[in-house]
Amino acid sequence: MFNRNKTPTPRSAYSREPYPPPRAPWVYESSHGPKAANSFNFPNVEMLPRYEWKPQPFTSAYVPPHIASITSGRKRRHNEHSTYALKRQRVEPLLQLSPASPLRLVANPPPAAEETLRSGIVGFDHFNPNPLHHPNTEVLTVPDISLSIQNYITDKLSGQMVELFEACQQQSSDLERKEACRARLQEVIQEIFPVARLYLTGSSMNGLGSRSSDADLCLVIKGNKRPNPIDVLSRLKRAFRSLPYIERIQLIRAKVPILKFRERGSHLEFDLNVNNTVGIRNTFLLRSYAYADVRVRPMILVIKKWARHNQINDASKGTLSSYTLALMVLHYLQTLKEPVLPSLQKAHPESFNPFMDIDMVPDGPKNIPPYISRNQSSLGELLLGFLRYYATVFSWDKQVISVREATTLPKTNSQEWRNKFICVEEPFERNNVARAVHEKMKFDAIKVQFAESYWILHARKDLNSILPLRSIISKESARR
């Protein structure tokens, strides 16, 4: 596990050519104001400015993800100046997978077009301490790229996967609700911890969420003295009891303690942790992978729905977490003869430095250029290959899954891997994210599902044979 207090050390000389993550429009302030001195409760410290969320217009047209860096040049205006110099993180609106003509951007676009470009493509805005600076209107030309999910729908199974994805993927309205609740909670929290900052993390932000996904929250409290998570969450539990829009508040004293609660009048559930900043790091790593190839998001969503249907997607019950499943999918896509994905950490360590200050994490991958895979497999072929890989190829007792290295590592006798049924390396902390699978009966059930589903799907080539497609789509549609 990395020591977060350690001074960053030089990394090995990997390839340095960049690789782009998705662009992003949801506005997120990611500075934390004045640093604390030996405490996390400061009665004399001015509270941070109110969070301002500026959603961008939703667009239903699919934009190819392999887009070179684009500079909007937008700087904060004079009247937006803050003494805290807060940086904004922007996360792109949800994009639906549908055919679209290739996008081409031109230098110095007309005003109307310029705003459209910003809303759909432009990535991260930065605070500019110079209020006299004028916006730079130059926009780089983007190559004519016609990659579309339609290129990979060559069979019935692939079409069913896209149908399921389009019906179940998280919508802009879903993210709006989560963000609205997060903003209200941050105001309440800052009355107790003035320099704390609350972040949406996990599938809500990494592009891999569905309509039914819970919202993960990370409360970051900076200071020389690290707060006790249980103490912080206990105080928040008492404060949240008086909020009319929150119900079913429960403190879970796990290895990473969380405060669970639900938005009143809806099915939206939240899990809030304190200073588990690796969740912010892996959110942006997975986001970069999610938009590296148009097949990644449908693949992972279908696999998660399949695992949930077969009751092997619940870490609290000794099976696989959604995060573990996502890493397993990425690992498979990295290790094909013609890889669909590279190792972003191995090729661009400077963009995903585990010692990078948490405020800089959203900006880390913004300049890496596109990766174009030569693998032209359809979605259906990749799904079958994924099930086959874990049913007949992967050695559970000898290998460790490593997305960081884009390969398998030997299962050593170290405490992290010894006597573990499934070994999946966390890309930053390098511990085992599949440690919840600690019962042989549960492990055997997981292996059986991979094997049975592979042989059934191989024979029928119909997603309905392993997943109740219509039932899932109907259930997700009811959330609209």
Examine distances only and state if a side-chain atom of Arg374 and a backbone atom of Glu338 form a donor-acceptor pair shorter than 3.5 Å. no
Does Thr283 reach the main-chain N or O of Gly202 with its side chain, forming a donor-acceptor pair under 3.5 Å? yes
Could you grab the distance from atom CG of Leu268 to atom CG of Asp214, nearest 0.5 Å is fine? 7.5 Å
When you look at Ser212 and Glu476, which way does the side-chain hydrogen bond (donor to acceptor under 3.5 Å, both in side chains) test go after all the steps? CA-CA 7 Å; Ser212 57; Glu476 291 282 351; 3.0 Å; yes
With side chain to side chain contact (heavy atoms under 4.5 Å, CB included) as the criterion, how do Phe240 and Leu185 come out once you've worked through the C-alpha distance, each side chain's angles and the decisive distance to 0.1 Å? CA-CA 9 Å; Phe240 286 5; Leu185 290 173; 3.8 Å; yes
Shortest non-hydrogen contact between Tyr291 and Gly207, atoms and distance: OH-CA, 3.9 Å
Rounded to the nearest 0.5 angstrom, the OG1-CG distance for Thr201 and Asp216 is 4.5 Å
May I ask you to decide if the ring planes of His458 and Trp455 are parallel, tilted or perpendicular, using 30° and 60° as cut-offs? perpendicular
Pairwise distance CG(Asn310) to CG(Leu467) - rounded to 0.5 angstrom: 8.0 Å
Against Asn432, only a single residue in Arg430, Glu429, Arg435 fulfils side chain to side chain contact (heavy atoms under 4.5 Å, CB included); can you say which? Arg435
Do Glu163 and Arg470 meet the salt-bridge criterion of a basic N to acidic O distance under 4.0 Å? yes
For the pair Trp396 (side chain) and Tyr390 (backbone), establish whether a donor and an acceptor sit closer than 3.5 Å, ignoring hydrogens and angles. yes
Is a donor on one side and an acceptor on the other found under 3.5 Å between the side chain of Ser373 and the backbone of Pro339? yes
Got a sec: does the CD of Glu269 have more than 12 other heavy atoms crowding it under 6.0 Å? yes
Classify the side-chain pair Ser471/Ser474 by whether it contains a donor and acceptor separated by less than 3.5 Å. no
Close side-chain approach of Asp293 and Leu333, heavy atoms under 4.5 Å: no
Are Ser203 and Gln170 side-chain neighbours, meaning at least one heavy-atom pair lies under 4.5 Å? no
Can Asp174 and Lys178 be counted as an ion pair, charged N to O under 4.0 angstrom? no
Answer with yes or no whether the side chains of Ser377 and Asn375 bring together a donor and an acceptor at under 3.5 Å. yes
Evaluate the criterion side chain to side chain contact (heavy atoms under 4.5 Å, CB included) for residue pair Leu379 and Ile149; output intermediate values, then yes/no. CA-CA 9 Å; Leu379 276 166; Ile149 195 62; 3.7 Å; yes
Is any NZ, NE, NH1 or NH2 atom of the basic residue among Asp397 and Lys411 found under 4.0 Å from an Asp or Glu carboxylate oxygen of the other? no
Can you establish whether the number of heavy atoms outside Arg418 located under 6.0 Å from its atom CZ is more than 12? yes
Mind checking the OG1-NZ spacing from Thr319 to Lys442? Nearest 0.5 Å is all I need. 6.5 Å
Salt bridge between Asp462 and Arg460, side-chain N to carboxylate O under 4.0 Å? no
Please state whether the rings of His331 and Phe394 are parallel, tilted or perpendicular, taking 30° and 60° as the class boundaries. perpendicular
Can you check whether Leu175's main-chain N or O pairs, donor with acceptor, with Glu179's side chain at less than 3.5 Å? no
Roughly how far, to the nearest 0.5 Å, is the NE2 atom of His309 from the OG atom of Ser453? 8.5 Å
Shortest non-hydrogen contact between Ser210 and Lys305, atoms and distance: OG-NZ, 3.8 Å
Validation row: Asn464, Gln160 side chains within 4.5 angstrom (heavy atoms): yes
So Val220 and Ile280, do their side chains get closer than 4.5 Å, heavy atoms only? yes
Just so I know, are the side chains of Leu286 and Leu327 near enough to count as touching, which here means a heavy-atom distance under 4.5 Å? yes
Non-hydrogen atoms of Ile249 and Lys237 that approach each other most closely: CG2-CG, 3.7 Å
Heavy-atom donor-acceptor pair, Gln186 side chain to Leu198 backbone, under 3.5 Å: yes
Take Cys181 and Ile246 through the side chain to side chain contact (heavy atoms under 4.5 Å, CB included) test and state the conclusion after the steps. CA-CA 9 Å; Cys181 192; Ile246 295 298; 4.2 Å; yes
Using the ring centroid of each side chain, check whether Phe386 and Phe450 are separated by less than 6.0 Å. yes
Check whether any side-chain heavy atom of Ile312 lies under 4.5 Å from a side-chain heavy atom of Trp306, and answer yes or no. yes
Any idea how Phe270 and Phe261 line up, ring-wise: parallel (<30°), tilted (30 to 60°), or perpendicular (>60°)? parallel
Any side-chain heavy-atom pair from Ser322 and Asn313 closer than 4.5 angstrom? yes
Check whether Glu425 reaches the backbone of Val400 with its side chain - one donor and one acceptor, N or O, closer than 3.5 Å. no
Plane angle bin for Phe421 and Phe443 - parallel if under 30°, tilted between 30 and 60°, otherwise perpendicular: parallel
Using a 4.5 Å cut-off on heavy atoms from C-beta on, say whether the side chain of Leu409 contacts that of Arg404. yes
Decide if atom CD of Gln415 counts as having more than 12 heavy atoms of other residues, nucleotides or ligands within a radius under 6.0 Å. no
With rounding to the nearest 0.5 angstrom, report the CZ to CG distance, Phe284 to Asn206. 9.5 Å
Polar side chain donor-acceptor pair, Asp155 to Ser378, under 3.5 angstrom: yes
Heavy atoms only: give me the nearest Asn276-Asn273 pair and the separation to one decimal. CB-OD1, 3.1 Å
Which heavy-atom pair separates Arg281 from Asn353 by the least distance, and what is that distance? NH1-O, 3.6 Å
Using a cut-off of 6.0 Å, state whether more than 12 heavy atoms not belonging to Lys317 lie near its atom NZ. no
Test item: Ser395 side-chain N/O and Lys398 main-chain N/O as donor-acceptor pair under 3.5 Å: no
For Thr407, does its backbone N or O pair with a side-chain atom of Thr335 as donor and acceptor, under 3.5 Å? no
